[in-house]
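Sequential numbering from 1 along the given sequence is applied to the chain's residues.
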Amino acid sequence: MNYNNQIADHAYQLGIHPLAWGPLGGDPIGGLNRLFVRTGTRQRSILNALGDVGTAIGVNDESIVALTWLLQHPAGFIPLLGTTKTARLRSQVTAFNHIGKITVEQWWSIAGKGGLCALGDTQCNYSEYMAK
């Protein structure tokens with residue numbers, strides 16, 4: 001994702017709710033889930049933040065916390081989950097039960113680990129998040 005393109009900000013300003021295709025699945029064309037499969041420094045940092053927030057809100061599955069985080073995004077993302085496993089879908093929809101439980105501070109603790117910057121694109125260094 002190019003964090004400098006301001007698509008989410010633009011959608012938010014226009015009241016458009018962007019679709020998030022396979023937000024927990026990574027590459028939609030058969031690729032690995034970048035967050036839950038790869039083990040780089042960034043992934044560990046995000047997973048630790050998801051785990052900390054999950055503990056605070058009583059959710060022990062980082063993927064559910066990640067989906068709850070997305071559902072609380074100010075732009076109003078609409079997740080298109082893409083799973084074909086019924087049990088996985090049943091688990092993922094429980095994220096709706098946790099909307100509103102993540103505080104603003106917790107939301108930004110996750111967002112910051114993922115590369116979002118509350119200061120705006122012109123004041124943030126995204127180089128570490130652009131690396132593959």
Side-chain angles (χ1 to χ4, degrees):
M1 174 175 209
N2 180 349
Y3 291 104
N4 294 313
N5 66 17
Q6 301 177 348
I7 289 175
D9 292 339
H10 185 68
Y12 174 74
Q13 291 169 356
L14 295 177
I16 297 170
H17 301 284
L19 300 178
W21 291 84
L24 301 178
D27 183 348
I29 308 186
L32 294 175
N33 181 305
R34 292 178 293 273
L35 179 58
F36 296 101
V37 174
R38 294 186 183 169
T39 58
T41 302
R42 178 175 180 238
Q43 286 83 2
R44 282 191 304 275
S45 181
I46 296 168
L47 288 171
N48 287 339
L50 290 169
D52 291 346
V53 171
T55 298
I57 66 170
V59 178
N60 63 1
D61 182 337
E62 287 89 357
S63 68
I64 302 305
V65 178
L67 191 53
T68 303
W69 177 90
L70 179 66
L71 290 166
Q72 284 191 219
H73 193 287
F77 279 94
I78 300 169
L80 299 174
L81 299 175
T83 186
T84 58
K85 298 178 181 174
T86 306
R88 182 78 180 128
L89 185 58
R90 282 191 188 113
S91 173
Q92 290 175 342
V93 298
T94 64
F96 287 94
N97 298 330
H98 304 290
I99 294 172
K101 291 182 181 179
I102 297 176
T103 67
V104 172
E105 292 80 13
Q106 291 168 330
W107 193 93
W108 277 107
S109 74
I110 296 168
K113 299 299 182 186
L116 293 180
C117 177
L119 301 176
D121 289 334
T122 59
Q123 299 180 38
C124 298
N125 179 1
Y126 292 106
S127 60
E128 71 178 284
Y129 304 106
M130 300 304 281
K132 293 186 178 197

| message | Is the shortest side-chain heavy-atom distance between L47 and R44 below 4.5 Å? | response | no
| request: Determine, using the 4.5 Å side-chain heavy-atom cutoff (strictly less than), whether Y12 and I110 are members of one ILVMFWY cluster. | output: no
| Any idea which heavy atoms bring S91 and I64 closest together, and the distance? | O-CD1, 3.1 Å
| said: Quick check: closest heavy atoms across Q106 and V53, and the distance to 0.1 Å? | reply: CB-CG2, 3.8 Å
| query | What closest approach, in Å, do P18 and A11 show between heavy atoms, and which atom pair accounts for it? | reply | CG-CB, 3.7 Å
| said: Main chain of G76, side chain of H17: is a donor-acceptor contact present, judged purely on distance under 3.5 Å? | reply: yes
| said: With clusters defined by side-chain heavy atoms of hydrophobic residues (ILVMFWY) lying less than 4.5 Å apart, directly or transitively, does I57 cluster with V104? | reply: yes
| query | If you take all heavy atoms of K113 and I46, which pair is closest and at what distance? | reply | O-CG1, 3.5 Å
| message | Tell me if a side-chain donor or acceptor on W69 pairs with a main-chain N or O of W107 at a distance below 3.5 Å. | response | yes
| Is there a donor-acceptor contact under 3.5 Å from the side chain of T55 to the main chain of G51? | yes
| request: Determine whether P79 and Q92 make a side-chain contact, defined as any pair of heavy atoms from C-beta on separated by less than 4.5 Å. | output: no
| message | Test of understanding: clusters of I, L, V, M, F, W, Y form through side-chain heavy atoms closer than 4.5 Å, transitively. Do I99 and L70 belong to the same one? | response | yes
| request: May I have the step-by-step check of side-chain contact (heavy atoms from CB on, under 4.5 Å) for L81 and L67, ending in yes or no? | output: CA-CA 9 Å; L81 299 175; L67 191 53; 3.8 Å; yes
| Test side-chain contact (heavy atoms from CB on, under 4.5 Å) applied to S109 and D52, step by step | CA-CA 9 Å; S109 74; D52 291 346; over 6 Å; no
| said: Checking K101 against T68 for the side-chain contact (heavy atoms from CB on, under 4.5 Å) test, could you report, in this order, the C-alpha distance in whole Å, the side-chain angles of both residues, the deciding distance, and whether it holds? | reply: CA-CA 9 Å; K101 291 182 181 179; T68 303; 5.9 Å; no
| said: When you group the ILVMFWY residues by side-chain heavy-atom contacts below 4.5 Å and let the links chain together, are I16 and F77 in the same group? | reply: no
| task | Heavy atoms only: give me the nearest G100-Q72 pair and the separation to one decimal. | result | N-OE1, 2.8 Å
